[in-house]
Protein chains: 2
Amino acid sequence: MNKPATIKDIAKTLKISTSTVSRALRNAHDVNPKTRNAVLALSEELSYQPSRLALSLQQKQTHTIGVIVPNLDYVMATMVRGIDEVALEAGYTVMVCQSNESFGREMVNTRRLLDSLVDGFIVSVSSETKVFDHFKKIQQKKMPMVVFDRVSSDLVAPKVKLDNVEGGYLATEHLIEQGYKNIAILAGPKNLAISNDRLEGYLKALKKFKVKPNAELILHCSFNQQDAYETTIELLKRKKHPDAIFTISDRMAIGAMLAIKEKGLRMPADIGLVGFNNEPITSLLSPSISSVDQPAFELGKTAAKLFIEQMHHEEDLSNIERVLKPKLAVRESSQRRKNKFSSAG
Amino acid sequence: MNKPATIKDIAKTLKISTSTVSRALRNAHDVNPKTRNAVLALSEELSYQPSRLALSLQQKQTHTIGVIVPNLDYVMATMVRGIDEVALEAGYTVMVCQSNESFGREMVNTRRLLDSLVDGFIVSVSSETKVFDHFKKIQQKKMPMVVFDRVSSDLVAPKVKLDNVEGGYLATEHLIEQGYKNIAILAGPKNLAISNDRLEGYLKALKKFKVKPNAELILHCSFNQQDAYETTIELLKRKKHPDAIFTISDRMAIGAMLAIKEKGLRMPADIGLVGFNNEPITSLLSPSISSVDQPAFELGKTAAKLFIEQMHHEEDLSNIERVLKPKLAVRESSQRRKNKFSSAG
DNA sequence: TTGTATGCGTTATCAA
DNA sequence: TTGATAACGCATACAA
């Protein structure tokens, strides 16, 4: 009772061969009903569980997906839940590893999972990552790999991502429509596509509305709140400071907000603010922060579906790129057209 | 080059036996340096990686820890990072599964990981869980299992948790010291020990300060914000409503805050509020919310250390209970003694 | 110092 | 319908 029961134990007890037991367990057609029932009964009694290890070794698949994410913040955790949902249903188990935005950690994790532990990967690259050899090794092994959310053009693989250009566009368009003239953008790390895409959307909106872009209003900083805070403080020290800021994450928006409040400026009257991710916190702050909403759960599900698809069919899907659309959640921090009197409060 | 290289490939190429290769790879003492070098060189060239699957099957250990958590909110994600940190260093890989506070999901996840995939578990029970058979099955298999954060007295296992009684005490003591007289508590689901412990701390503080507990001020509701909001609305409808609320999570505190604001009451002047978890958001809200801080990262690390300890030594640690101490982060929502004039603002 | 044989738990192939 | 055997990739007891 102590050691887990194996097929051998059943065979020995029933005085039949292991192959027969194996067949009976898997409901093969060519097995005597009497034998099968005996096997089923005994395996029930011993609470037999097939060893996934032995199966994996034999079939050369583990039915496990390695998921590598830079962190587990609100949005990522939601995406992972989406992945989990689909994977579980398809009979896969998920191994989630956080790289903590560290390139080294990302490599270690990948390598570890690569040692015949997983059938493939669903990854989102860390903000430090500039070299993709560890991911390319996955592909050399002909393992399926789907890249999601933080994708990179240096990686040829099926991808699922948000339409970040559209996200940047929506935010900027909205600010312009609200009458803001000097709109700054706090973009993220330069090596990340999401930074550049959201920046591109920003530029696209300016162009559409014939606003001349100003290089001094385009700032790069890391995703963390403190960095955004400091950058905004510097920004507001300028003689002619911007009258609106678009940050490409909500964390950054919060940093910016703290700086704005410190300077005694009011939102949306003196300065407009739009973030990105639509974290629950944005609706709770005062003023509430407008933010670009992304369908995180759906995005995770899509990534997992794409993975399964790639797993089952042999076709090359590496040029597929599923792009989900963002929406803009307009809140107090940027809305001054419909309630101009708000500045009186 | 396509299929991963095995020990056999090396043996064949070098015309030696697999056992020699195996020995050479593991730096055994009784192997000819010349042979070893040849093996090492070739394995390097073929970028040989031992199969963890085969190893696991043979040695009956996977060097993988199954981590089951109810969710991946801020605190949990931090704890998981702590677990990850220690596990990685000890040569273990972590499989994180979210139960989404669902009993069924928790069972499925446990069962899946149990099929010879992991060496043991580090778990935190879902709020729905009232029966622990699935966890007891782990113990029947003599697998190490550490319970953390959400522990249950129905489970005999090494445990790591916060001193929740102390947390409840700190919050309540603080409110009393600030002059609040009718302090309500929004406790969580009744079946969770953390609910009861924090409630116990609340009662302990009342007793210490000779305040008579009032059953009408003790309310149970789920952890989610909406529920806390509705409960608070009801609470404030009473003729003689409480002048302070202690919620056992920050999510609940936010729900309560929304209700308080809706009623037009001011914090801390009209009503005091203290939450639990010290999520970053608490310092950003207006007013900022006082909250009980728990050393989440440390707690995760401790759980993993305990797991490793249990793994390595054969001693029975099932009566061990590591208890970490909380601190109180005092913020605007409850502090009225040191700045009474704040009610004028 | 090296090789042979065996086992880990399972399935597949082939023969009976 | 069933059984013997080999194989998956590795480690190890034992023999050479």
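Throughout, protein chains are lettered first and strands after them, A, B, ... in sequence-line order, and every chain is numbered starting at 1.
A straight line from NE2 of B:H63 to C1' of D:dC10 spans 14 Å, rounded to a whole angstrom. Remark: P of C:dT1 and NZ of B:K15 are 24 Å apart, rounded to the nearest angstrom. In this structure, B:I16 places its CD1 atom 21 Å from P of D:dA16, rounding to the nearest Å. The CD atom of A:Q49 sits 14 Å away from the C1' atom of C:dT10 (whole-angstrom rounding). Between B:Y48 atom OH and D:dG9 atom P the separation is 10 Å, expressed in whole Å. Distance, B:Q59 CD to C:dT6 C1': 16 Å, rounded to whole Å. Between the C1' atom of C:dG7 and the CD1 atom of A:I7 lies a distance of 16 Å, rounded to the nearest Å. The NZ-P distance, from B:K8 to C:dT4, rounds to 14 Å in whole Å.
If you check every strand for non-hydrogen atoms under 4.0 Å, A:L57 touches a base. No engagement by A:L53 is indicated, since no non-hydrogen atom pair under 4.0 Å with the nucleic acid exists. Within the nucleic acid shown, B:D30 comes within 4.0 Å of at least one base atom, counting heavy atoms only.
Of the candidate nucleotides D:dG9, C:dG3, C:dT10, D:dG9 has the atom nearest to the side chain of A:K60. Here D:dT2 is the nucleotide among D:dT2, D:dG9, D:dC8 with the atom lying nearest to any side-chain atom of A:R23. Across D:dT2, D:dC10, C:dT2, the shortest atom-to-atom separation from the side chain of B:T6 is found for D:dC10. Among the nucleotides D:dT12, D:dC10, D:dT5, the one closest to the side chain of B:L55 is D:dC10. Of the candidate nucleotides C:dT10, C:dG3, D:dC10, C:dT10 has the atom nearest to the side chain of A:S51.
Comparing B:A54 and B:P33 along DNA chain C, the residue whose closest nucleotide (by nearest heavy atom) sits nearer the 5' end is B:P33. When the nearest nucleotides of DNA chain D are assigned to A:N32 and B:L25 by heavy-atom distance, the more 5′-ward of the two goes with A:N32.
Ring-centre distance between B:F103 and B:H134: below the 6.0 Å cut-off.
Judged by distance alone, with hydrogens and angles left aside, B:T18 brings no side-chain donor or acceptor close enough to the base of D:dA11 to form a pair under 3.5 Å. Between the base of D:dG9 and the side chain of B:R52 there is no donor-acceptor pair shorter than 3.5 Å.
In this structure, A:E85 does not pair ionically with A:K301, as no charged nitrogen and carboxylate oxygen lie closer than 4.0 Å.
A donor-acceptor pair under 3.5 Å links the side-chain atoms of A:N37 to the main chain of A:P33, judged by distance alone. Side-chain atoms of A:T64 come within 3.5 Å of backbone atoms of A:T62 as a donor-acceptor pair (strictly under, hydrogens ignored). A donor-acceptor pair under 3.5 Å is formed between the side chain of A:T78 and the backbone N or O of A:Y74. A:N32 places a side-chain N or O within 3.5 Å of a backbone atom of A:K34 that can act as its donor or acceptor partner.
Look at B:T20 and you'll find a side-chain N or O under 4.0 angstrom from OP1 or OP2 of C:dG3. Taking side-chain N and O atoms only, B:S22 has a distance below 4.0 Å to OP1 or OP2 of D:dA11. Between A:K34 and D:dT1 there is no side-chain N or O to OP1 or OP2 distance below 4.0 Å. For D:dT2, the OP1/OP2 oxygens have a side-chain nitrogen or oxygen of A:T35 closer than 4.0 Å.
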